[in-house]
Amino acid sequence: MLKEYLTIREIAGPLVLVEEVEGVKFEELVELELPGGEKRKGRVLEVDRDRALVQLFEGATGVDVFKSRVKFLGRGIELGVSRDILGRVFDGLGEPIDKGPNILPDKKLDINGDPLNPYAREYPSEFIQTGISAIDGLNALVRGQKLPIFSGSGLPHNQLAAQISRQARVLGKEEKFAVAFAAMGITFEESDYFIQDFRRTGAIDRSVVFINLADDPAIERIATPRVALTAAEYLAFDLGMHVLVILTDMTNYAQALREISAARKEIPGRRGFPGYLYTDLATIYERAGRIKDKPGSITQIPILTMPEDDKTHPIPDLTGYITEGQIILSRALHKKGIMPPIDVLPSLSRLKDRGIGKDKTREDHSDVFNQLFACYARGKEAQELAVILGEAALSEMDRLYYNFADDFERRYVTQDEDEDRSIEETLDLGWQLLTMFPSLELKRIRPQWMKKYYTRFKQEAEAKKVA
């Protein structure tokens, strides 16, 4: 029988201080019963001898200090899981919000989980095709990787997240693939967009969706990514599925963490965020990966909006330290009408070399990627030079690179929201763009690939000109 306490001593905002408690644990779930019988849930934020600081999910409005009863439930937040969670939509704490039946769980799992044991990890090495050329061709995503997307306010990261959710799959094998999608602090319109898009395209059938709205409690926002990762771990390591976890927006998560830290009167760190922000983010990001001798895997794409487009802001800065690269969305490209506006030059996938090449994507992938990157970088330099000196000052070869940069953005980076390009189509498109240059200019591609691919695509380009 659980004890009930009538020893509330203080209320400050959503925080409730309860005294004379026994055996209470950090992050334990709490049930507070108002005099009228209404029950509210909360979580223990801090324990000091016989005192416990509780944060209520629904806020403390109407709580009577003298008559409200507090019960400590002896467990943390748990998620009931079974195969039936696929195709369902839940709130940030794992309660169904899609008017479907309640889940009959095979088991209940604590949402805090554990990071993967480094010794048990398998190195990521299998390519995941997203269908987006700027990612697949130049910054390949590998199964078990953590690859964040750095965006800005007003940029189309939601559309990109939905597109990746629909199109992502492991190449070369008919394996079970699922998506765990968690949205934190989003508006009702954004929530409706994601849910309707998943249902319209049929992606909902292989997805489990967790939605935390902007007006939901901050404490729920802290739990949402952990709930999604708990579902992903069950699908991956119990059911043997390859799971892609998309978390948007981690900036809203970090701001909720700052709000709770301020309520607890902790000493703030950079930009008011708690000093343990790095550690807290790591407990989320490090739950991605592969385990030796287990077929399943968790690949993670956290999405965050950089305040004022500042890459040195604590949230993107610390995220970059923990994860294996970043995909950066550019406001300048967005203004030019490039969709998705992925800036490939500062973007980086540190594990891409492990997931591309013969028997994974195609034998020429690495060389094509290196050459496209080099040509685009030189083209952007030529465009900057033209702004200063004028186009008339450019050499003939500089003009060629200048035009290549425009064509690369317009044909390679740009693609329709519903366009799903295979890796073969992406690599062929790269070769078509490279035929703009004479063969002697392509110094990063090995002779055997020049002979096999460049000659064919050059002949096709010339045949089109004649026609």
Side-chain angles (χ1 to χ4, degrees), residues 130 132-135 138-139 141 146-165 181-194 197 211-214 221 224-225 245-259 270-273 277-278 281 284-285 300-350 376-377 380 383-384 405 408-410 412-417:
T130 66
I132 299 168
S133 293
I135 297 176
L138 301 173
N139 295 287
L141 177 65
K146 308 176 286 288
L147 186 62
I149 295 175
F150 290 1
S151 184
S153 178
L155 295 182
H157 47 270
N158 286 339
Q159 290 89 327
L160 183 61
Q163 187 172 3
I164 293 172
S165 299
F181 186 92
M184 294 156 279
I186 62 172
T187 64
F188 177 81
E189 287 77 13
E190 290 172 318
S191 167
D192 189 59
Y193 166 77
F194 283 124
D197 186 82
I211 301 288
N212 167 265
L213 297 175
R221 202 159 301 144
T224 302
V245 180
I246 297 179
L247 307 173
T248 181
D249 175 352
M250 290 303 294
T251 299
N252 293 336
Y253 169 85
Q255 287 171 345
L257 197 68
R258 179 171 63 181
E259 182 181 328
R270 290 169 59 194
R271 306 278 186 101
F273 290 96
L277 178 62
Y278 177 91
L281 290 173
I284 294 174
Y285 298 146
Q300 212 179 101
I301 299 183
I303 298 173
L304 55 93
T305 50
M306 300 177 289
E308 300 175 356
D309 295 355
D310 180 11
K311 286 186 283 188
T312 67
H313 188 277
I315 305 169
D317 188 33
L318 296 177
T319 295
Y321 281 119
I322 304 166
T323 54
E324 293 120 6
Q326 67 278 330
I327 303 295
I328 296 182
L329 302 191
S330 163
R331 198 169 295 280
L333 289 178
H334 184 55
K335 288 178 180 176
K336 288 168 69 174
I338 305 298
M339 291 289 288
I342 296 173
D343 191 347
V344 300
L345 295 181
S347 297
L348 170 68
S349 171
R350 295 191 181 97
Y376 181 58
K380 296 303 285 184
Q383 291 181 350
E384 290 173 8
F408 179 82
E409 291 172 357
R410 182 172 50 82
Y412 193 93
V413 178
T414 300
Q415 62 184 93
D416 189 75
E417 200 174 323

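Please read all numbers here as calculations on a predicted model, not as lab measurements.
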Can you tell me if [X] uses its side chain to pair, donor with acceptor, with the backbone of [Y] under 3.5 Å?
X: Q300; Y: I284; answer: yes
X: D309; Y: G152; answer: no
X: T251; Y: T305; answer: yes
X: Q159; Y: E417; answer: no
X: E324; Y: L147; answer: no

Of all heavy-atom pairs between [X] and [Y], which one has the smallest distance, and what is that distance?
X: S330; Y: D343; answer: CB-CB, 3.8 Å
X: N139; Y: A134; answer: ND2-O, 3.6 Å
X: H157; Y: S151; answer: ND1-OG, 2.8 Å
X: P148; Y: K146; answer: CD-O, 3.7 Å
X: T224; Y: A183; answer: CG2-O, 4.2 Å
X: I246; Y: A161; answer: CD1-O, 3.7 Å

[atom2] on [Y] to [atom1] on [X], rounded to 0.5 Å:
X: T414; Y: F408; atom1: OG1; atom2: CZ; value: 10.0 Å
X: L247; Y: Y285; atom1: CG; atom2: OH; value: 7.5 Å
X: I315; Y: N252; atom1: CD1; atom2: CG; value: 8.5 Å

| message | Checking R270 against L277 for the side-chain contact (heavy atoms from CB on, under 4.5 Å) test, could you report, in this order, the C-alpha distance in whole Å, the side-chain angles of both residues, the deciding distance, and whether it holds? | response | CA-CA 10 Å; R270 290 169 59 194; L277 178 62; over 6 Å; no
| said: Against the six-membered ring of Y253, is R221 placed for a cation-pi contact (under 6.0 Å from the centre, within 45° of the normal)? | reply: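 Pair R221/Y253 does not count as cation-pi.
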With a 4.5 Å cut-off on side-chain heavy atoms, are [Y] and [X] touching?
X: L138; Y: S347; answer: no
X: T248; Y: E190; answer: no
X: D249; Y: I186; answer: no
X: P316; Y: Q326; answer: no
X: Y412; Y: V344; answer: no
X: Q163; Y: I132; answer: yes
X: I135; Y: I164; answer: yes
X: F273; Y: L318; answer: no

| With S153, which residues qualify under side chain to side chain contact (heavy atoms under 4.5 Å, CB included), at least two apart? |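 Side chain to side chain contact (heavy atoms under 4.5 Å, CB included) check on S153 returns nothing, list empty.
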| request: Would you sort out whether F150 and H313 count as a ring pair (Phe, Tyr, Trp, His ring centres under 6.0 Å), showing the intermediate values? | output: CA-CA 11 Å; F150 290 1; H313 188 277; over 10 Å; no
| field | CA sep, side-chain torsions, deciding dist, call: L160, I303, side-chain contact (heavy atoms from CB on, under 4.5 Å) | value | CA-CA 10 Å; L160 183 61; I303 298 173; over 6 Å; no
| query | Does a side-chain N-to-carboxylate-O contact under 4.0 Å join D310 and R271? | reply |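 Here D310 pairs with R271 in a salt bridge, since their nearest N and O are under 4.0 Å apart.
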Show me, pair by pair, the donor-acceptor contacts under 3.5 angstrom made by side chains of residues 333-342, not counting sequence neighbours?
{"from": "K336", "atom 1": "NZ", "to": "E409", "atom 2": "OE1", "distance (Å)": "2.7"}

